[in-house]
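When a ligand or atom number is given, it counts from 1 through the structure's own listing order. Treat the numbers as computed from the prediction; the structure is a model and nothing was measured.
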Amino acid sequence: MRTPLTSIIGSLQLINTGMLGDLDKEMSELTTIAERNGQRLLDLINDLLDIDKIESGSSPPIPRRYRSTSWLRESLVLNRAFADRFGVRMALRGDPPALVVYADKKRLIQVMTNLMSNASKFSPEGGLVEVGLERVDNMARVSVEDRGSGIPPEFRSRIFGRFAQADSAATRQKGGTGLGLAICKRLIELMGGRIGFADREGGGTTFFFELPLLNQSAASSE
Ligand code: ADP
């Protein structure tokens, strides 16, 4: 499924850059819509294949010990360009403690990316997204805080479900499959943690997840 679609998107991208010659306005609008929707379809296929892989157990998270400082900063670097697209600033809150979690780094960054990209998409332009880390009992709690419009009350119980989206017009405009949070929840639970959200004081939403913390002296890796 992915190979032909990638080739279609690649061809449309080439056309849309204008490298093959100028297009008139109407034609260019159509090829731009085709490229955008091709990309949405590819995102959807990738998320569906991923959820299937997770549910079937064919690709379980492989947890190892990781120092929070490495993946936390890496997530910020990886997601900054996406936040820039929405004119959103992203920052680390305070000076987070160096904790050691037991997790699959690739999956952890996938969860961070999803929460950070949602925070960017649902923030007002110029808004600040803050990423924090703290210790709560024997868990490391990561939070992603935005200053967006919040989660509508009637949508709260469905937010971690598959294909759940509060506002389809916003999604069409900003992209998304409605599968991201369902994938995050499954991954965090498979790594022995939990995920949730709360209203942020002063407006916006704080998404958080907690992962088991390892004894600092057991730290061996990155
Ligand atoms: P999507 O690909 O649509 O972002 P998700 O599963 O990640 O899918 O999110 C599901 C829905 O939850 C979003 O479409 C949006 O309606 C809502 N949502 C997620 N994160 C936020 C947020 N930080 N602020 C407001 N609404 C959010």
Practice prompt. Any atoms of ligand 1 less than 4.0 Å from a non-hydrogen atom of Leu181? List them with their elements.
Written response: 5 (P), 6 (O), 7 (O), 9 (O), 19 (C)
Discussion item. Any salt bridge linking Asp146 with Lys121? Criterion: basic side-chain nitrogen under 4.0 Å from a carboxylate oxygen.
Written reply: no
Worksheet item: For ligand 1, which atoms have a heavy atom of Asp146 less than 4.0 angstrom away?
Response: 22 (C), 23 (N), 24 (N)
Item to complete: May I ask you to decide whether Asp199 forms a salt bridge with Arg156, counting only side-chain N to carboxylate O separations under 4.0 Å?
Response: yes
Fill in: Cluster link Leu211 to Met139, ILVMFWY, side chain under 4.5 Å
no
Discussion item. With a 4.5 Å cut-off on side-chain heavy-atom distances among I, L, V, M, F, W and Y, is there a chain of contacts connecting Leu92 to Val142?
Written reply: yes
Fill in: Under 4.0 Å to a heavy atom of Lys121 - the qualifying atoms of ligand 1, by number
1 (P), 2 (O), 4 (O)
Discussion item. Distance under 4.0 Å to a non-hydrogen atom of Ile159: what atoms of ligand 1 satisfy this?
Written reply: 12 (O)
Response to the item:
For Phe86, the ring-ring contact (aromatic ring centres under 6.0 Å, His included) test, sequence neighbours excluded, returns Phe82
Discussion item. In this structure, does ligand 1 have an atom that sits under 4.0 Å from one of the heavy atoms of Gly148?
Written reply: no
Worksheet item: What are the atoms of ligand 1, with element, lying closer than 4.0 Å to any heavy atom of Ala166?
Response: 16 (O)
Worksheet item: Pick from Phe207, Phe122, Phe209: which one makes a ring-ring contact (aromatic ring centres under 6.0 Å, His included) with Phe197?
Response: Phe207
Discussion item. For the 3.5 Å polar cut-off, considering only N or O atoms, please tell me whether Phe207 and ligand 1 meet it.
Written reply: no
Practice prompt. Any atoms of ligand 1 less than 4.0 Å from a non-hydrogen atom of Ile151? List them with their elements.
Written response: 21 (C), 24 (N), 25 (C), 26 (N), 27 (C)
Discussion item. Between ligand 1 and Phe160, can you find any atom pair, the residue atom being a heavy atom, that is separated by under 4.0 Å?
Written reply: no
Practice prompt. Give the atoms of ligand 1, by number and element, whose distance to some non-hydrogen atom of Asn118 is under 4.0 Å.
Written response: 4 (O), 5 (P), 7 (O), 9 (O), 19 (C), 20 (N)
Item to complete: May I ask you to list the residues sharing a hydrophobic cluster with Met27, side-chain cutoff 4.5 Å, ordered by chain and number?
Response: Leu14, Ile15, Met19, Leu20, Leu23
Worksheet item: For atom CG of Asp24, is the number of surrounding heavy atoms from other residues, nucleotides or ligands below 6.0 Å larger than 12?
Response: yes
Item to complete: Using a strict cut-off of 4.0 Å, indicate which atoms of ligand 1 neighbour a heavy atom of Ala164.
Response: 10 (C), 11 (C)
